[in-house]
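Working notes, beginning with the structure itself.
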There are 4 protein chains.
Amino acid sequence: MPESPNPLRRSESSRRAILDATLKLCAELGYGRLTVEAIAAQAGVSKKTIYRWWPSKGAVVLEAVDDMAAVAAHPNTGDLAADFHSQLTTVIDLLTPPKGSAAVGLIAEALQDADLAHDLRERLIRPRIASFEERMRQAQRDGQLAPDADLDVALGLIYGPIYHRLIFHLGMPDAEQLRTLIDHALRAFEPRPPTQ
Amino acid sequence: MPESPNPLRRSESSRRAILDATLKLCAELGYGRLTVEAIAAQAGVSKKTIYRWWPSKGAVVLEAVDDMAAVAAHPNTGDLAADFHSQLTTVIDLLTPPKGSAAVGLIAEALQDADLAHDLRERLIRPRIASFEERMRQAQRDGQLAPDADLDVALGLIYGPIYHRLIFHLGMPDAEQLRTLIDHALRAFEPRPPTQ
Amino acid sequence: MPESPNPLRRSESSRRAILDATLKLCAELGYGRLTVEAIAAQAGVSKKTIYRWWPSKGAVVLEAVDDMAAVAAHPNTGDLAADFHSQLTTVIDLLTPPKGSAAVGLIAEALQDADLAHDLRERLIRPRIASFEERMRQAQRDGQLAPDADLDVALGLIYGPIYHRLIFHLGMPDAEQLRTLIDHALRAFEPRPPTQ
Amino acid sequence: MPESPNPLRRSESSRRAILDATLKLCAELGYGRLTVEAIAAQAGVSKKTIYRWWPSKGAVVLEAVDDMAAVAAHPNTGDLAADFHSQLTTVIDLLTPPKGSAAVGLIAEALQDADLAHDLRERLIRPRIASFEERMRQAQRDGQLAPDADLDVALGLIYGPIYHRLIFHLGMPDAEQLRTLIDHALRAFEPRPPTQ
DNA sequence: AGCTAACCGAGACGGTACGTCCGGTCTTTGT
DNA sequence: ACAAAGACCGGACGTACCGTCTCGGTTAGCT
């Protein structure tokens, strides 16, 4: 997010007010009905100040969401399936209304806006993928996972089903279904005895 | 899609012109810059006529996409992995610009519009899921798949990774990566010798 | 005032509401604080509708003033000086607050906007000059004025002092001063006995 | 023009830069498109510095114009009509683009801003009226003018026509027309033999 | 000669209005 | 009688300036 004006002189209080107003209104109205005007009014800030620091509504929401959901590292209790279960439960919560309004709106917007998509990937997703991979490598060291498991593929198998259901409105899995999903996904990466 | 006016008196030529204009403009401008006004102008039709038969831009695009992409049954050559490879290649093409513009836009819009989401699922997705399940049951009969395989889970494992990559702009897999994805997904459903 | 959209389909009620709102707000706020937004809000009209038919705030005010002050022909009682006195009294009233707000604002704006200046001259001023000249020619026929009097010059001598005072805020003349002004101006055009 | 800050510490170089930038930009853009921001940028000065010393754009332009056009006394060659002709030629030049941009803009602004109007009258106009009256009294002493001529009326008759034409965009007089105007105006004040 | 108050540049800020775009509704007109 | 054409209200857009307000840094003039 390149900033032409001098970031040193930026008003932190305005920034906070904007991000807070954004999350509040997004929860109230939904991402689609959220407007830059409403954010400015709610935050007691001029529209110019928003446009000075962010290129679009999506960018503001991205920062607000990022700001809210600081990177929560994947838990590591030693039980890989249980750890994913709790991690995915958190993710599903973030994608479910009312809290999900911001994140889902962001995903929708990024599908249509390449710049926002770039920022979404680099600022929100990459760090979480890194956290995922770290946990997976730990599992490999623990012998719970094949040492040559392809982590890119694993990422898709574990998280993909959630987003597939989100996208086509097939309903989020309940705890039991989630367990089944994880079991199946991990099955593809079980350590195997050397095939003779 | 409830239609208040008498559908019998509907002008088929207007309908065709609208759907054709929609696809043309969507490819040219992208879904986001597509407007109802532009569709009306391009189709030589009054805006009123569009709003008479469709509730929103998304509904028009949905019908246009549905109209274009008739349900193609999953291929059945006897080689399950190869069949999915060709099927998924088609799906990826439909999600990749320029052709992907309409479908991806539709997905984005549906994330924010419950009515459109409903129609998208029921008109576009359900029949394709049915086709998927049919192919899977065939594979079960062929002994390539565990007879008790959970097809809902399988759907997520096979299609999920594609949409996960779409959503977070992680890049569509090439042919080789696609093969690896399918192999891993199917591995979870291999018929197993009865565990003693 | 060229109108691109089809004037036949124009809503007369909107036009009236806009012109009425313009005069009302201009009297209340003064021309300078009058805004297109406020006119639209007061008239219950979309800003687009204003911009569809007028190029600028000034053009709206011009039409409103023109609409209000239909051409009042110069009175003709037979007494030229008295007729001018009553005519100029009317003009001075139109240039004095609160009623004068619109006209003076218009004059100020036209000084900076060539297009508006053109319309102001052609639509408001020219017909009134014509009326002036008609009255003067009558006076010539009546022998109250030199038959070769230059009417352009007379126009400036009679009306100029008023606007000179307006422009430099020297105060409008009272009835007595006005009489003196007119007497002096007309003195330059008295019929003269052939100088021997 | 009340100045709260200490005028002794005022930076003369900033003042000069501001007035120079004002005249330059006013000629380039016209008074209407001139902005305080642009003046500040062009002068390499902070907006604050402008607002510290002047209450408005108009006040800056007034000072710039005043600064430029020092009061030139009415010429006195002995030929009253010729003297006015040369004086009015200068005035007309000051009211004609490009040079006229500042003065005309100032007049326009003052029509809407009472404070500016006050300053315009007192700083620019009054001294010039005084100069006019001085020349007129000289003419009275010379016997070219009725000794009881009303100089207020004379001022209006001589200068009014110019401003009347300016205001309604009737075109500035050429040299010949100007001569005619002056002749007619002065005719009202010719010394007359005592009417019997 | 050093201190300190002020003016200075820079420019971010809350605002207001701009003129445009498009959504969705309603009206007119011609066939 | 219908549907094209398109005017209409509404509301958000992103921009331009306004006039105010910190900031450090410099500078002038009084200790």
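We name chains A, B, ... by the order of the sequence lines, and we start the count at 1 in each one. Since the model is a prediction, treat every value here as computed from it, not as a measurement.
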| Does D:R10 make a cation-pi contact with D:W53 (under 6.0 Å, within 45 degrees of the axis)? |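 Checked: cation-pi criterion met.
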Taking only side-chain nitrogens and oxygens of [X], does any of them come within less than 4.0 Å of OP1 or OP2 of [N]?
X	N	result
C:R52	F:dC8	yes
C:T49	F:dC9	yes
C:W53	F:dC8	yes
C:S14	F:dC9	yes

| task | Determine, for nucleotides 24-31 of chain E in 5'-to-3' order, which nucleotides have protein heavy atoms under 4.0 Å from the base (write B), from only the sugar-phosphate (write S), or from neither (write -). | result | BBBBB---
| Between B:E109 and B:Y31, do the side chains contain an N or O donor and an N or O acceptor separated by less than 3.5 Å? |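 Checked: B:E109/B:Y31 side chains pair up, N/O donor to acceptor below 3.5 Å.
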| message | Using the rule given for side-chain contact (heavy atoms from CB on, under 4.5 Å), can you reason through A:L23 versus A:D67, listing the C-alpha separation, both sets of side-chain angles and the distance that settles it, and then say yes or no? | response | CA-CA 10 Å; A:L23 289 177; A:D67 207 66; over 6 Å; no
Output the rounded distance in Å from [atom1] ([X]) to [atom2] ([N]).
X	N	atom1	atom2	value
D:I50	F:dC18	CD1	P	9 Å
D:E12	E:dC7	CD	C1'	14 Å
C:Q42	E:dA17	CD	P	14 Å
A:W54	F:dG14	CH2	P	15 Å
A:I39	F:dG14	CD1	C1'	14 Å
A:N6	E:dC13	CG	P	10 Å
D:I18	E:dG9	CD1	C1'	11 Å

| message | For A:A43 and B:L34, find the nucleotide of DNA chain E closest to each by heavy atoms; which residue's nucleotide sits nearer the 5' end? | response |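 The answer here is A:A43.
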| So how far is it from D:I107 CD1 to D:I167 CD1, rounded to the nearest 0.5 Å? |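 Answer for the CD1-CD1 pair, D:I107 versus D:I167, is 8.0 Å.
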| said: Looking at every heavy atom in both B:R123 and B:E63, which two are closest together, and how far apart are they? | reply: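 Scanning both residues completely, I find the closest heavy atoms to be NH2-CG, 4.0 Å.
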| query | What are the two closest non-hydrogen atoms of D:V36 and D:K57, and how far apart are they? | reply | CG2-CB, 4.1 Å
| said: Any side-chain to backbone donor/acceptor pair from C:H169 onto D:A110? Under 3.5 Å, distance only. | reply: yes
